[in-house]
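Please read the structure below before turning to the comments.
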There are 2 protein chains.
Amino acid sequence: MNLKELSTILGLSQTTVSRALNGYPEVSEETRIKVQKAAEKHNYRPNTKARSLATGRSMAIGHVIPVSTKHEMVNPIFGDFISGAGEVYSKHGYDMVLTVVEDKGEEAAYRQMQSRGSVDGVVVHGPLTTEPRIDFLRKIGLPFAVHGRASGENSDYNWVDINNRRAFHRATDFLLDLGHRRIAFINGLEYMDFAYRRREGFIEAMTERGVAYDPALMFSNEMTEDYGYETAMTLLRGENAPTAFLVSSMICALGVRRAIEDLNMKMGRDVSIITHDDVLSYMPNGKDLPIFTSTRSSVRQAGSLVAETLLAQIADPLRKPQHQLLEAELMVGQSTGPVKA
Amino acid sequence: MNLKELSTILGLSQTTVSRALNGYPEVSEETRIKVQKAAEKHNYRPNTKARSLATGRSMAIGHVIPVSTKHEMVNPIFGDFISGAGEVYSKHGYDMVLTVVEDKGEEAAYRQMQSRGSVDGVVVHGPLTTEPRIDFLRKIGLPFAVHGRASGENSDYNWVDINNRRAFHRATDFLLDLGHRRIAFINGLEYMDFAYRRREGFIEAMTERGVAYDPALMFSNEMTEDYGYETAMTLLRGENAPTAFLVSSMICALGVRRAIEDLNMKMGRDVSIITHDDVLSYMPNGKDLPIFTSTRSSVRQAGSLVAETLLAQIADPLRKPQHQLLEAELMVGQSTGPVKA
DNA sequence: AAGTTAATTCAAAGCGCTTTGGATGACTAA
DNA sequence: TTAGTCATCCAAAGCGCTTTGAATTAACTT
C-alpha cells in the first residue's frame with residue numbers, strides 16, 4: 001500500500017493525503033480524520049526511503065562499533081547503552097543503524113554514512129584522549145555527539161560524560177580514609193579517555209593526601225574478568241602486596257574477587273575492592289546490600305542522554321554544542337573495610 | 001556529489017556512469033576506468049535511499065531487541081552476537097538497523113519495518129517455545145532467520161541453533177560420572193526455547209541413568225549474577241544441599257561461585273559447577289586452564305551464521321529454509337571434581 | 001556499397017514521497 | 001456587483017538513483 005493507491009481509494013490527491021497524515025493545517029479536519037482512518041485500515045505507512053529522498057533527512061542515527069581485531073572484544077556496556085539510546089530514537093521516530101568495523105576503519109565508515117546519506121548523525125563511542133574522529137566528523141559536516149570526552153580536544157562539541165576524575169578521586173579518598181596506602185589500580189586502556197581521567201583522579205587524590213603511589217601497582221588493559229584475576233593474583237602472591245584494589249569495571253572486579261578467594265582471603269576483610277559500576281542490566285551489584293563498594297552511574301541513562309543531545313543538535317543545526325557531566329554515586333558495599341592492623 | 005554532477009563532470013550520461021560503477025558489461029573498459037577514477041577522486045558514493053527506491057531493495061537487515069520492561073534487562077550476549085552478524089552484513093554491503101522495543105511491541109516493530117520498507121529481512125532473537133513471531137513474519141512476508149528454534153513450531157523456517165539438549169545432556173552425564181546425584185539446575189526462563197531444551201537434556205540424562213531429579217533443585221529465571229548467588233546461597237545453606245550445579249550462563253555461574261566462596265567452600269572440591277559458555281569476548285573462561293567446566297559455543301559465530309543464512313534467503317527467495325545445528329564443546333575446567341565421599 | 005551485427009552510449013521513465021505554486025469555490029467587505 | 005480573503009484541495013516538479021528501450025557509431029559481411 002502506497003500513497004498513490006491510498007489517495008486513489010480516497011478520491012483525493014496525494015498532496016492532501018500526505019498533508020493530512022503529516023499534520024499540516026491546510027486540510028479540513030473532516031478529511032484529515034477520513035484519511036487517518038483509511039491509512040489505519042489499509043495499514044499504510046510511508047516508505048522511509050521515499051520520504052527521506054524527498055525531505056533530505058534520513059531519520060536514522062549511526063553507531064559505529066569498533067571491534068578490536070586483536071581480541072575481537074566487544075564492549076560489554078554496549079548493549080545497555082544502545083538500549084538507552086534506542087528508546088529515545090524510537091520515541092522520536094528515528095532508526096538506529098549499526099556498523100561493525102574493524103579497528104581503524106571507523107573514519108571510512110563515517111565517511112561512507114555521510115556520502116551515502118544513510119544517517120543524519122552519529123554517536124561516537126569510546127573516545128581516546130586524542131580523538132581524530134571529532135575533527136574528522138566536523139570536517140565532513142556530519143552531526144555527532146560523543147559518549148565521553150577527549151581530553152586532548154579543545155574545540156567544542158556535544159558530549160555526555162560521567163565525572164570520571166572526581167569519581168575515582170572520591171573512591172581513592174574512600175580507601176585512604178579506611179587506612180589503605182598500598183592501593184592497586186586496575187584500569188582500562190589508558191589511551192581511552194575515561195581511563196586516562198580515572199587515572200588522573202587516582203593520582204590527584206593520592207597526591208593531595210601526600211601518599212606516594214606506586215607505578216608498579218598501576219595497570220592498564222582491556223577490562224576482562226581474566227585481567228582482574230591474573231593481575232590480582234600476581235600482586236597478592238608477591239611481596240608487599242596491596243591492601244586494596246581500585247578497579248575500573250565490575251567484570252574486572254569479579255576477577256579480582258576470584259583471586260582473593262582463591263588465595264583463601266576474604267574480600268572486605270583482608271583485601272578491599274572498590275570498582276566502577278556501569279549498572280549493567282545483567283550485572284546488578286547485589287540485591288539489597290551491594291557486593292562491591294562502587295562508583296555508580298548508569299550507562300543506559302548515558303545512552304538516552306547522548307541520543308537526546310544528538311537529536312536536539314540535528315533538529316537545530318545552529319544550536320551550540322551541549323555538555324552533560326554526570327556525577328557518579330559512591331555506594332558502599334561489602335567489598336571494603338579498614339586496612340588490617 | 002551525486003550521479004548527475006559526476007556524469008556532467010565526465011561528460012557522460014547518468015546511465016553510463018551508473019553502469020560503469022555497478023559493473024554492467026555494456027560499457028567499455030576504458031570509460032569504466034575513467035569513471036571509477038573520477039568517482040574515487042570526488043568521493044562519490046550512491047545515495048542509499050535513492051538506490052533503494054529505484055531497486056526496491058533496502059540493503060538493510062533489521063534486529064529487534066526486546067527490553068523487558070520489568071527488569072530493563074538487555075541480553076548480555078547481544079553485543080557479541082551483533083558483532084558477528086555485523087561483520088557479515090558489512091562484507092555484503094548491508095546495513096544493520098536496530099530497534100529497541102518494550103516487551104510485546106515486537107510484532108508492531110516488524111510490521112512497521114515491513115510496511116515502511118526499511119529492511120529486507122529480520123533476525124529473530126530469543127525465540128520462545130511457542131513463538132508467534134514466526135507465523136507473523138511469514139504472514140506479512142518478511143524474510144527472517146531465527147537465532148535458536150521454537151520447539152512448538154512445526155513449520156519450516158531458517159534457523160541457527162546450538163544443540164542445547166545434547167549439550168546439557170552431556171554436561172549432566174559428566175556430573176553423574178563424577179558421582180554427583182543431587183544436581184541443582186540453574187536455568188534461564190523456561191518459556192525461552194533454549195532453556196526449555198536444556199531442561200529436556202538435563203531430565204533426559206538423569207532419567208536415562210535412573211537418577212531421580214528433584215524439582216526443588218530446578219530453577220528458572222533471568223540469568224544474572226545475582227540470581228546465581230541467591231539461589232546457590234539458599235541451597236547450600238539448606239538441608240540436603242546439592243553437590244553440583246548445572247548452570248545456564250557464565251554470568252550466573254559467577255554468582256554461584258561467589259556463594260560457594262562466601263560459605264568458605266571450594267569450587268571443584270566441595271561443590272562442582274558446570275556451565276554453558278557463550279564465549280563472550282569480555283568474559284573469557286580463564287586463560288589457559290578454564291575456570292569453569294563448560295559446554296562451549298561461540299555466540300559470535302552464531303551471529304555470523306544467522307546473518308549468512310538470512311542474506312542467502314534474501315538473495316534467493318525460493319530457496320528452501322536452511323538449518324544449522326551447532327554442537328557445543330565440553331571443556332573441562334577447574335570447577336568440577338568427584339563428589340565428596 | 002549496402003546490409004548486418006556488435007559495441008557503446010543515451011534520453012527518459014519510474015521508484016514513493018514531500019512541497020511549491022497555483023486553482024477553486026465560498027464567503028466577506030466595499 | 002466586484003474585489004479581496006480564506007479555506008481547501010490539486011497538478012506537477014523534484015529528491016538521486018536504476019533500468020528500459022532506442023540511438024549512434026564502428027566493424028564486419030556479402
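Chain letters run A, B, ... following the sequence lines, proteins first and then strands; every chain starts at 1.
- Within residues 25-35 of chain A, the residues having any heavy atom under 4.0 Å from DNA chain D are, by residue number, Glu26(A), Val27(A), Ser28(A), Thr31(A).
- Side-chain contact between Gln114(B) and Val122(B) is absent, with no heavy atoms from C-beta onward closer than 4.5 Å.
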### Query
Which nucleotides of nucleotides 14-23 of chain D have their base under 4.0 Å from a protein heavy atom (B), which only their sugar-phosphate (S), and which neither (-), written as one string 5' to 3'?
BBBBBBBB--
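- Evaluation of the ring-ring contact (aromatic ring centres under 6.0 Å, His included) rule for Tyr89(A) yields His63(A) as partners, not counting sequence neighbours.
- Under the 4.5 Å side-chain criterion, counting only non-hydrogen atoms from C-beta, Thr99(A) is not in contact with Gln112(A).
- In this structure, the side chains of Thr309(A) and His323(A) stay at 4.5 Å or more apart for every pair of heavy atoms.
- Legend: residues meeting side-chain hydrogen bond (donor to acceptor under 3.5 Å, both in side chains) with Asp193(A), ordered by chain and number and at least two apart, are Ser151(A), Arg197(A).
- For the helix from dA1(C)-dT30(D) to dA30(C)-dT1(D), the terminal axes (five pairs an end, C1' atoms, rotation from four pairs onto the next four) enclose an angle of 60°, given to 10 degrees.
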### Task
I would like to know whether His125(B) and Phe78(B) meet ring pair (Phe, Tyr, Trp, His ring centres under 6.0 Å); could you show each step before the answer?
CA-CA 9 Å; His125(B) 293 277; Phe78(B) 188 68; 5.7 Å; yes
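- At least one side-chain heavy atom of Tyr110(A) sits less than 4.5 Å from a side-chain heavy atom of Arg133(A).
- Taking atom CG on Leu10(B) and atom C1' on dT8(C), their separation rounds to 15 Å, with Å as the unit.
- Going from atom OH of Tyr157(B) over to atom CD1 of Ile134(B) covers 4.0 Å, rounded to the nearest 0.5 Å.
- Taking the side chain to side chain contact (heavy atoms under 4.5 Å, CB included) definition, one finds that Arg19(A) meets it with Thr15(A), Tyr24(A), Glu26(A), sequence neighbours left out.
- In the displayed structure, Arg57(B) atom CZ is contacted under 6.0 Å by at most 12 heavy atoms of other residues, nucleotides or ligands.
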